[in-house]
Undergrad: 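Take a look at the following structure, please.
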Amino acid sequence: MRVYYQNVAIVLDFLNERGYAEHTIRYHELFYNKLADYLELTMQEYNPDLGRSLLLGRTEGPCHTRNSFGNAACIAKLNDVYENGRITYAQISPRKEYSSIVLCEKYQELVAGFLASKPCFKDSQLTNAHRRCTLFLKYIQSKGIMNVAAITYEDLQAYHDGLSHLKRISCVVEESSLHQFLRYLAESGHTSQGLYLFMYALETETLVTMSSLTAEERGRIGESCERSSSLPAEEFLSAGSELISLFREAGYVAPYVNSVHRAIMQFYLFLDLHGLGYTDEIASVWLHSDAVRNIFQGSSWITARRTLFMVSIYISSGQADFARAIPRGISGIGELPEWCSGPLLDFADIRRRTKIDEDTVRNDIYSILRFCKYIVSKGLSSYDEITSGDVADFNLKDVHGSPEGKNACNGRIRRFLKYLYREGLLSSPSLHLALGYSAAPVETIVVTLTADEVETIRGFIRHAVRDLEIRDSAVILLGTEMGMRGSDIVALKMQDIDWKNRAIRFCQKKTDVDAWIPMPVAVGNALFRYLRDVRPQKAKNDYVFVEPKAPYSPMTRSICYGALKRILPDRSVRGSGFHVTRKAFSTNRLRNGVRPEEIADVIGHRGTKNLDCYLSLDDERMALCPLSIADLMIQAEGGTP
């Protein structure tokens, strides 16, 4: 057994000299002790053939454990010593050639400072963390680098490649300690931020490089660098860091802020790694590449897209507009030739300048785009080449779900054709007449809330206790008791409410008409309760209805229909949305004897013509003005009128 113990000592000394992990050395010691007990029990002397037999399981012994890989490593090293007098090949790591280097004092102080900063290691892990950081700096020192500020991405890549002999989990453990060490160095001002980001990307296999992009994407980045000035990567990082702080101040939850931070740092690493500056085009190429989509998936990609959008706004304006939405382009415009798309976009801008709301403008574009795609498919090269036959043929082939939809689309195209004539792009002043009508105008029966639905709403408001119920109560009362449109409700501001005079004054978005409406007590109570108990205290804007989470932006009018749907979940009337509350308001006022002129003034109409349809619902007053049967020339059953 004396030879056995001598050879075991050689193996253990080798492990210590090579800087193997403490738990690895401990495992070897335990295995060799168990093997010694087995040899003494069976009164055998150890030899390499016995060791191999133990591994193959032909003999009962210490190798009958779950860690067959670890047992094989122990036997291989011991056999190597028996056969060669030393370890010549068994699991010698090629990266440990520099392990005998004495670390310079400056590097020793950096490692000590890192461990003293209380990184996220348990006390039992500090020894191994010290070994990993020391070994890494020995490698750096062996390359003649005596200042960590001189470490490059190439140095980290080479060190990473040198760990390829390790199992995946072992490599992750090694590099996890190193990326934390490099982060400590960056935060203490010794190195750039990019180094720890690079090491983390290698560790997690999330590194995006130029070679990860397609040739077309690389070409777009190159063109962007040539034609436009860029912001240096470090300045992009500075702006991004400021924006992250503003996200926190705005009240965003920590997981979301972490996602924002991740997107900014990943893109910064890409820029710094390739010596690029920031441009919107490079950000777009990077974001929409398959390589990035493999890293940022689902909601994390959406967060990354919004993050880069917010960074772009912040860099250009110096302001963080958290409520600003990402503009959605209309698919297909970019496919049109310039002669076709230019006038279309100019027409849309004119419509916007006349205070037409954006939804209406977008509907104009969608309809005109259908017509433009058709004339381009016909091979035309200018609007002036359009004939009445082309217009009529388009009208026949353009299919819609309803006659009303067809009429609406044709009406938009007619306006566009008239605009083209005024601009001199069309020589025929009557070309728009080639678009016919699919249905004559009809007057539909007004749909209002039934008595049962009104009672359900009142019951809902009386029992509202949750935040959403309190907000829904305020929204629905503004519609039923004050006749406000959904667009005006969500645009309502604090200064619009005159609490002293119990009134609300605002400018109606649809008609641009000022309205000053008395505020019933029920509405005032509901608004006060919402503002006191539900509206976020951190919201810095003056809108009444804001999102419950940061950035507390104004809500969209979808909350109005949502409130109606939650209060009356069983209501299913085609084409009847939140506007039914406004109709119910007008109808009830007519039934209560309020003059049409007063109702029109309250709801912002310029005349009473639009109220005519509501009169048919006033059963009591309609009964007071019947027509004579004789006047209608209706014969009675006996022939007498």
Undergrad: Looking at Arg414 and Leu435, what are the two nearest heavy atoms and their distance?
TA: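 It is NH2-O, 3.1 Å.
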Undergrad: Examine distances only and state if a side-chain atom of Arg582 and a backbone atom of Gly483 form a donor-acceptor pair shorter than 3.5 Å.
TA: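 Checked: pair present.
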Undergrad: What I want to check is whether the side chains of Thr360 and Asn363 have a donor and an acceptor closer together than 3.5 Å.
TA: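 Absent: no donor and acceptor within the cut-off.
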Undergrad: Measure from the side-chain N and O atoms of Trp301 to the backbone N and O of Leu287, and report whether any donor-acceptor pair falls under 3.5 Å.
TA: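 Between the backbone of Leu287 and the side chain of Trp301 there is a qualifying donor-acceptor contact (under 3.5 Å).
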Undergrad: Please check this pair: side chain of Ser473 against backbone of Glu469, looking for a donor-acceptor N/O pair closer than 3.5 Å.
TA: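 Yes; judged by distance alone, with no hydrogens or angles, the pair exists.
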Undergrad: How about Ile386 and Val391: do any of their side-chain heavy atoms sit closer than 4.5 Å?
TA: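 With C-beta onward as the side chain, the pair touches.
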Undergrad: With a sphere of 6.0 Å drawn around CZ of Phe460, does it hold more than 12 non-hydrogen atoms of other residues, nucleotides or ligands?
TA: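 More than 12 within 6.0 Å, yes.
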Undergrad: Arg351 and Asp364: which non-hydrogen atoms are nearest, and at how many Å?
TA: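 Closest heavy-atom pair between Arg351 and Asp364: NE-OD2, 2.7 Å.
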Undergrad: Determine whether Tyr374 and Asp398 make a side-chain contact, defined as any pair of heavy atoms from C-beta on separated by less than 4.5 Å.
TA: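 No. Closest side-chain heavy atoms not under 4.5 Å.
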Undergrad: Taking atom CZ of Arg412 as the centre, report whether more than 12 heavy atoms of other residues, nucleotides or ligands fall under 6.0 Å from it.
TA: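 Enclosed.
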Undergrad: Both conditions, 6.0 Å and 45 degrees, for the charged tip of Arg370 above the ring of Phe394: are they met here?
TA: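 So Arg370 doesn't make the cation-pi contact.
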Undergrad: Determine the interplanar angle of the Phe267 and Trp286 rings, folded into 0 to 90°, and report it as parallel if under 30°, tilted if 30 to 60°, perpendicular if over 60°.
TA: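 The rings of Phe267 and Trp286 sit tilted, inter-plane angle from 30° to 60°.
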Undergrad: Can you tell me how far the CD1 atom of Ile365 sits from the SG atom of Cys372, to the nearest 0.5 Å?
TA: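 Going from CD1 on Ile365 over to SG on Cys372, the span is 10.5 Å.
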Undergrad: Got a donor-acceptor contact below 3.5 angstrom from the Arg505 side chain to the Asp498 backbone?
TA: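 No, Arg505 side chain to Asp498 backbone: no donor-acceptor pair under 3.5 Å.
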Undergrad: For a quick test of reading the model, state the closest non-hydrogen atom pair linking Phe545 to Ile559 and the distance between them.
TA: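 Minimum heavy-atom separation between Phe545 and Ile559: CB-CD1, 4.4 Å.
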Undergrad: Does the side chain of Tyr256 come within less than 4.5 Å of Arg306's, by heavy atoms?
TA: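 Touching, per the 4.5 Å side-chain cut-off.
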Undergrad: Suppose we call two aromatic rings close when their centres sit under 6.0 Å apart. Are Tyr552 and Tyr543 close by that rule?
TA: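 No.
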